[in-house]
Amino acid sequence: MKEILTKNLNSSQTEAVLCTEGPLIIFAGAGTGKTRVITYRIAYLLSLGVAPQSVLAVTFTNKAASEMKKRISDLIPGTGANTWVSTFHSFCAHFLHAEASRISLNPDFLIYDFTDQKNVVKDCIRELNIDEKRFKLSTIADKISRAKDDLKSPSDMAAEAEYSGDFFGTTAAKIYGLYQKKLERANAVDFGDLIMLTVSALQQHSGLLEHYREKYKYIMVDEYQDTNHAQYIFIKLLAGKHRNICVVGDDDQSVYSWRGADINNILDFEKDYPNAKSVKLEQNYRSTPKILSTANQVVKHNNVRISKRLWTHNPDNGFVTVLKAVNETDEAIKIAELICPNAYGNKYKFSDFAVFYRTNAQSRTFEDAFREFRIPYTVVGTLRFYDRAEIKDIMAYLKLIHNPNDNVSFKRVINIPRRGIGKTSIETLEKFARFKNMSIWQSVPFAQKVGLTKGPVKALNSFTQFIKDFSALKNSGSVKLITEKVITDSGYLKELEVENTSESKIKIENIQELISAVDDFETRLSDKSLAGYLTQIALINDIDSPDESKGKVTLMTLHLAKGLEFDNVFICGLEEGLFPIGESAFNDKELEEERRLMYVGMTRARKRLYLCWSTERKVYGKTIWNMPSRFIAEAGFQDESAEMEQNRKQSFQNRLSQGFNRTIQNGGLGRGQNFRSFNEKPFKAEILHTNAQSYGYMPPGGEITKDERLDNPAGDLSPYKIGTAVSHPIFGRGQIIEKSGAGNDLKLVVLFETGQWKKLLARIANLTLI
DNA sequence: TTAGTTCCGCTTTTT
DNA sequence: GCGGAACTAA
């Protein structure tokens with residue numbers, strides 16, 4: 001086994017793998033083979049005879065967990081599959097189910113997501129007669145979540161606020177208190193509770209703690225820089241006996257402090273475990289030296305970090321460059337031009353490109369431009385499958401069948417489809433329920449007594465009957481059957497069919513997809529119960545969509561980019577106020593987190609990295625002028641941006657004089673389209689996501705071939721086109737990105753592979769087409 | 001009760 | 001400039 005390891009690992013990776021006993025911290029820089037080290041380390045442990053059941057590996061995302069599981073069982077077929085690899089939340093959910101009786105918890109608990117949480121908070125704020133304007137839903141819901149991340153109860157929060165004379169905090173604590181009561185009454189827990197309840201169970205029941213400590217002799221934590229206080233304590237408790245704890249992370253990639261992550265957990269690991277061994281993985285296998293040194297240069301500006309320096313043996317064949325645009329549309333067009341099929345002599349697939357931005361709102365401009373340029377793209381992460389209204393509706397029915405006391409779900413579907421049960425009816429009923437300390441469901445029989453009119457009473461009764469009719473199926477029938485019955489018998493599907501709009505058709509499609517996801521769940525998992533399904537869904541917030549990104553350019557926020565890699569990366573909107581965002585530049589802590597986010601983005605690039613900014617940008621419908629982001633200067637581009645300003649001004653003038661025309665001849669739209677029309681929102685978002693094949697443009701497999709090159713604009717007979725790859729006797733290979741003038745006066749702006757930009761007179765530049 | 005209209009206020013979002 | 005929530009009219 002040792003030979004296999006050393007053959008496939010470098011020396012520090014090997015060192016980390018072989019160190020199995022005692023606390024170990026692995027500082028794993030971007031692209032240094034972190035997952036490889038974790039999986040090999042587990043494989044090595046098993047090869048030493050450690051029982052797979054006594055190894056616990058914890059991650060943050062389901063994606064990371066399943067990836068790790070797969071790689072372990074690839075490495076060790078058979079026993080490898082028995083190691084316990086899961087997310088923090090999923091582990092705790094299992095724990096709470098298993099130990100429910102010991103800690104007087106009803107094991108049928110539901111898991112509330114953030115939307116559910118906000119709904120409960122809303123109820124609390126109204127019930128307590130608190131000014132909704134001053135105490136915003138999401139702010140309070142967030143504050144409650146952060147409190148749980150810090151293992152703070154409502155009274156802890158109240159005491160703290162009291163002490164510091166914080167009125168807002170005092171009120172928030174009141175809301176938190178009521179919120180918690182409501183959750184208990186509905187037999188629901190939120191994400192924060194999963195961890196917090198587990199921690200307190202372990203703290204209060206020494207028998208339990210002893211048992212789990214003994215069980216998990218080896219513990220590994222991935223992305224340790226993202227752990228919050230509760231998770232930190234949880235791990236500390238579990239590892240308290242054998243102390244074989246190995247954490248892996250990169251403080252430079254800590255970008256979730258706003259979600260409670262505490263970077264000090266990783267920075268202080270060696271203080272917490274004084275005899276800890278520390279290994280730094282610094283050899284990068286992903287990026288070119290130029291990209292790495294630039295990223296290093298940027299992150300070096302942070303004060304709070306563990307010093308490290310990434311290096312690589314990779315060939316130096318890429319570049320980092322700055323792209324300056326005149327406005328956000330121009331930014332998108334310039335990027336589209338670089339991506340469009342002419343780019344780089346057909347060397348790349350669309351899926352080799354990624355566009356990162358700080359805020360989701362920025363994606364729209366790119367969607368418009370890419371559509372115009374016939375560039376297939378996929379926007380990652382905007383609206384997740386299980387967050388769609390129609391899916392949440394169906395899920396609410398299922399939750400209600402499982403647990404009728406779930407007020408959030410009750411209120412969600414009581415009038416969907418419309419049953420004539422309005423706001424006032426529900427409010428009266430809810431008030432009564434609250435007074436009697438019962439759920440809305442339990443108060444339905446008293447509807448008439450409370451003064452509801454005939455119609456609503458009748459509708460309420462038939463609704464509760466409808467839910468009750470599932471009671472037999474609930475325990476014995478398949479979840480798929482229940483789901484199908486809900487969809488049809490509730491009239492939900494019917495209403496969508498009658499609506500018959502493009503939106504309703506998509507909703508129906510999504511519902512069908514939900515059914516196949518349920519089917520998938522039933523064939524894959526051993527726990528086929530409704531309860532099992534609901535837990536599963538609460539913790540896994542997306543369905544697998546393997547081919548989603550195939551042959552498409554990826555658009556996403558920088559946060560979502562963590563862990564991924566692409567040959568060509570565009571980081572956009574690099575402007576003060578947008579990235580670093582808002583007021584973060586005035587707060588060292590926040591600024592450093594923004595800078596880490598920049599570092600994360602930069603280190604995603606394998607070969608080419610573009611730092612893009614725009615002098616002018618529309619924000620909330622108003623045009624604003626921004627300074628270039630300090631991160632551009634920190635990356636060492638003070639001079640270039642000045643030089644390029646000249647080029648850009650010139651090129652924008654040219655564009656203006658050409659009336660922004662660009663003709664696409666072999667795409668579906670054969671006519672010249674004016675770029676101004678971008679803002680007119682030509683299609684619905686769903687249509688934007690259709691596979692590019694439907695345009696007759698992308699061949700299967702997503703490879704770009706010569707035949708699909710964009711043609712010349714009509715009437716332009718010059719061989720020099722925007723996007724054409726050329727070679728220069730001195731500057732080497734490059735690509736035309738701007739052109740102006742004609743004939744003897746034809747000027748070209750060429751972006752060379754070295755990253756340099758040059759404006760050349762075509763007649764004397766001696767360029768050759770390649 | 002619901003449909004239509006106006007008004008507000010906007011980072012990031014692993015679970 | 002857009003979406004959600006709150007208000008208003010029927």
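Throughout, protein chains are lettered first and strands after them, A, B, ... in sequence-line order, and every chain is numbered starting at 1.
- Taking atom CG on Asp368(A) and atom P on dG1(C), their separation rounds to 13 Å, with Å as the unit.
- Whole-Å rounding puts the Lys423(A) NZ to dA5(C) P distance at 12 Å.
- For the pair Asn119(A) CG and dG4(C) C1', the computed distance is 13 Å after rounding to whole Å.
- Regarding contacts with the backbone of dT2(B), every side-chain N or O of Arg419(A) stays at 4.0 angstrom or more from both OP1 and OP2.
- Salt bridge present: Arg596(A) and Glu593(A) bring a charged side-chain N and a carboxylate O closer than 4.0 Å.
- Backbone-only engagement by Glu132(A) is indicated by non-hydrogen atom pairs under 4.0 Å involving sugar-phosphate atoms exclusively.
- One finds a salt bridge joining Asp222(A) and Lys34(A) here, because a Lys/Arg side-chain nitrogen approaches an Asp/Glu carboxylate oxygen to under 4.0 Å.
- Straight-line distance from the CG atom of Leu578(A) to the C1' atom of dC10(B): 13 Å, rounded to whole Å.
- Between the P atom of dG1(C) and the CG atom of Asn327(A) lies a distance of 13 Å, rounded to the nearest Å.
- Below 30°, between 30° and 60°, or above 60°: for Phe60(A) and Phe88(A) the angle between ring planes is between 30° and 60°, a tilted geometry.
- Classification of dT12(B) as anti follows from a glycosidic angle more than 90° from 0.
- The separation between Lys133(A) atom NZ and dC8(B) atom P is 8 Å, rounded to whole Å.
- For the 3.5 Å distance criterion, the side chains of Gln180(A) and Asp193(A) qualify, holding a donor opposite an acceptor.
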Could you go over nucleotides 8-10 of chain C and give all protein N or O partners under 3.5 Å, atom names and distances?
none

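- Put simply, the side chain of Arg358(A) and the base of dT11(B) share no donor and acceptor less than 3.5 Å apart.
- Asp116(A) contributes a side-chain N or O that, together with a main-chain N or O of Asp113(A), makes up a donor-acceptor pair within less than 3.5 Å.
- Distances shorter than 4.0 Å separate some side-chain N or O of Tyr620(A) from OP1 or OP2 on dT11(B).
- Proximity of Arg126(A) to the phosphate of dA6(C): a side-chain N or O atom is located under 4.0 Å from OP1 or OP2.
- Put simply, Lys136(A) has no side-chain N or O that comes within less than 4.0 Å of OP1 or OP2 on dC8(B).
- Mapping Ser425(A) and Glu590(A) onto DNA chain B via the closest heavy atom, the residue that lands nearer the 5' end is Ser425(A).
- The separation between Lys122(A) atom NZ and dA6(C) atom C1' is 11 Å, rounded to whole Å.
- One interatomic measurement links the two molecules: CD1 of Ile624(A) to P of dT11(B), which rounds to 12 Å at whole-angstrom precision.
- Both Glu593(A) and Thr424(A) lie near DNA chain B, and the one whose nearest nucleotide falls closer to the 5' end is Thr424(A).
- The aromatic rings of Phe366(A) and Tyr357(A) sit parallel to each other, their planes meeting at less than 30°, with 60° as the upper class boundary.
- With sequence neighbours excluded, the residues that form a side-chain hydrogen bond (donor to acceptor under 3.5 Å, both in side chains) with Asn626(A) are Glu575(A).
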Pair Arg595(A), Glu592(A) - check side-chain contact (heavy atoms from CB on, under 4.5 Å), show working. CA-CA 5 Å; Arg595(A) 194 176 279 117; Glu592(A) 294 210 349; 4.2 Å; yes
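- Between Arg146(A) and Asp142(A), at least one side-chain nitrogen of the basic residue sits less than 4.0 Å from a carboxylate oxygen of the acidic one, meeting the salt-bridge criterion.
- The aromatic rings of Tyr256(A) and His559(A) sit tilted, their planes meeting at an angle between 30° and 60°.
- Closest to the Thr359(A) side chain, of the nucleotides dT11(B), dA3(B), dG9(B), is dT11(B).
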Would you tabulate the nitrogen or oxygen pairs shorter than 3.5 Å linking the protein to nucleotides 13-15 of chain B?
residue, atom, partner, partner atom, Å
dT13(B), OP1, Thr557(A), OG1, 2.5
dT13(B), OP2, Asn360(A), ND2, 2.8
dT14(B), OP2, Arg384(A), NE, 3.3
dT14(B), OP2, Arg384(A), NH1, 2.1
dT14(B), OP2, Arg384(A), NH2, 3.0
dT14(B), O5', Arg384(A), NH1, 3.1
dT15(B), OP1, Asn62(A), N, 3.3
dT15(B), OP1, Asn62(A), ND2, 3.1
dT15(B), O3', Leu539(A), O, 3.0
dT15(B), O2, His89(A), NE2, 3.2
dT15(B), N3, Arg259(A), NH2, 2.4
dT15(B), O4, Arg259(A), NH1, 3.4
dT15(B), O4, Arg259(A), NH2, 2.5

